[in-house]
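Heavy-atom basis, side chains included; hydrogens, waters and symmetry copies ignored. Here the structure is a predicted model, which is why all the values come from computation and not from measurement. Each ligand, and each atom within it, is numbered from 1 in the order the structure gives.
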Amino acid sequence: KNGFLVRKVHADSDGKRTPRGKRGWKTFYGILKGLILYLQKGEYRPDKQLSDEDLKNAVSIHHSLAMRAADYSKRPNVFYLRTADWRVYLFQAPNAEQMQSWITRINTV
Ligand code: I3P
């Protein structure tokens, strides 16, 4: 599954709150391949290669959990992703259908 995702980092590994200055929303093109969610920066082109920075932003979704962010009301269509090492991300999808489709895909790998 692919598509635009806006990401906010809420907690780093071990669940430590991500410090101020690193909590802003950033737009990526998300590419879910196997157990890795790649987050590609910049303009989207189907043939574009992943950069070193893109690879650093990649998220392992093995033993992760995605769920609708029912308690987050500042933006619509936002879901949480909690990884096995207790990182927490918020991702905003372009619409409700996309949000649900990301949640389902992430939780059923
Ligand atoms: C963050 C940025 C986020 C905001 C976050 C800020 O600042 O303004 O948009 O989250 O608030 O810390 P920075 O880019 O300097 O890290 P919201 O959009 O959810 O308000 P937070 O610390 O209360 O999460």
Side-chain angles (χ1 to χ4, degrees):
K1 172 164 179 64
N2 298 351
F4 283 100
L5 286 174
V6 194
R7 183 204 67 186
K8 174 182 173 179
V9 188
H10 175 71
D12 301 329
S13 55
D14 303 324
K16 282 199 210 94
R17 186 182 169 88
T18 303
R20 285 183 69 186
K22 293 184 176 174
R23 303 178 58 85
W25 289 93
K26 282 187 191 159
T27 300
F28 295 91
Y29 190 75
I31 303 163
L32 185 57
K33 262 192 197 166
L35 293 169
I36 313 269
L37 173 60
Y38 294 98
L39 294 168
Q40 192 164 35
K41 249 189 158 173
E43 221 158 280
Y44 170 69
R45 287 196 320 270
D47 58 339
K48 197 166 156 188
Q49 300 271 324
L50 291 159
S51 69
D52 287 352
E53 198 194 340
D54 295 335
L55 295 173
K56 281 188 214 148
N57 281 324
V59 181
S60 165
I61 62 156
H62 187 53
H63 290 170
S64 74
L65 179 71
M67 58 184 286
R68 188 172 74 86
D71 61 347
Y72 188 85
S73 53
K74 290 182 186 175
R75 290 172 179 240
N77 310 317
V78 173
F79 64 95
Y80 288 113
L81 178 65
R82 202 211 67 214
T83 65
D85 60 356
W86 295 90
R87 289 167 212 267
V88 179
Y89 300 95
L90 281 83
F91 285 108
Q92 182 184 23
N95 54 51
E97 190 189 349
Q98 283 293 309
M99 177 190 70
Q100 193 50 56
S101 145
W102 279 110
I103 291 172
T104 304
R105 285 296 306 271
I106 289 168
N107 289 342
T108 54
V109 286

- Query: Got the closest protein heavy atom to atom 19 (O) of ligand 1, with its distance?
  - Reply: Y72 OH, 2.5 Å

- Query: Can you check whether I36 reaches V59 side chain to side chain, under 4.5 Å on heavy atoms?
  - Reply: no

- Considering only non-hydrogen protein atoms, determine which one is nearest to atom 20 (O) of ligand 1 and report residue, atom name and distance to 0.1 Å. K74 NZ, 2.6 Å

- Can you tell if the side chain of V88 reaches within under 4.5 Å of the side chain of Y80, non-hydrogen atoms only? yes

- Is there a donor-acceptor pair under 3.5 Å between the side chain of D85 and the backbone N or O of S13? no

- Look at atom 8 (O) of ligand 1 and say whether a protein heavy atom is found at less than 4.0 angstrom from it. no

- Looking only at heavy atoms of K8, does any of them come nearer than 4.0 Å to an atom of ligand 1? yes

- Item | Shortest protein contact, atom 6 (C) of ligand 1 (heavy atom only) | R23 CB, 4.1 Å

- Item | Shortest protein heavy-atom distance from atom 13 (P) of ligand 1, along with the residue and atom involved | G21 N, 3.5 Å

- Message: Any atom of ligand 1 sitting under 4.0 Å from a heavy atom of R17?
- Response: yes

- Does the side chain of K1 come within less than 4.5 Å of S101's, by heavy atoms? yes

- Query: Taking atom types as modelled and ignoring hydrogens, do the side chains of K74 and Q92 form a donor-acceptor contact shorter than 3.5 angstrom?
  - Reply: no

- Task: State whether W25 and R7 meet the cation-pi test: NZ (Lys) or CZ (Arg) under 6.0 Å from the six-membered ring centroid, and within 45° of the perpendicular axis.
- Result: no

- Item | atom 18 (O) of ligand 1 - nearest protein heavy atom and its distance | W25 NE1, 3.0 Å

- Message: Looking at D47, I want to see if its CG is surrounded by more than 12 non-hydrogen atoms of other residues, nucleotides or ligands under 6.0 Å.
- Response: yes

- Query: Counting each atom of ligand 1 from 1 as listed, which ones have a heavy atom of K22 under 4.0 Å away?
  - Reply: 16 (O)

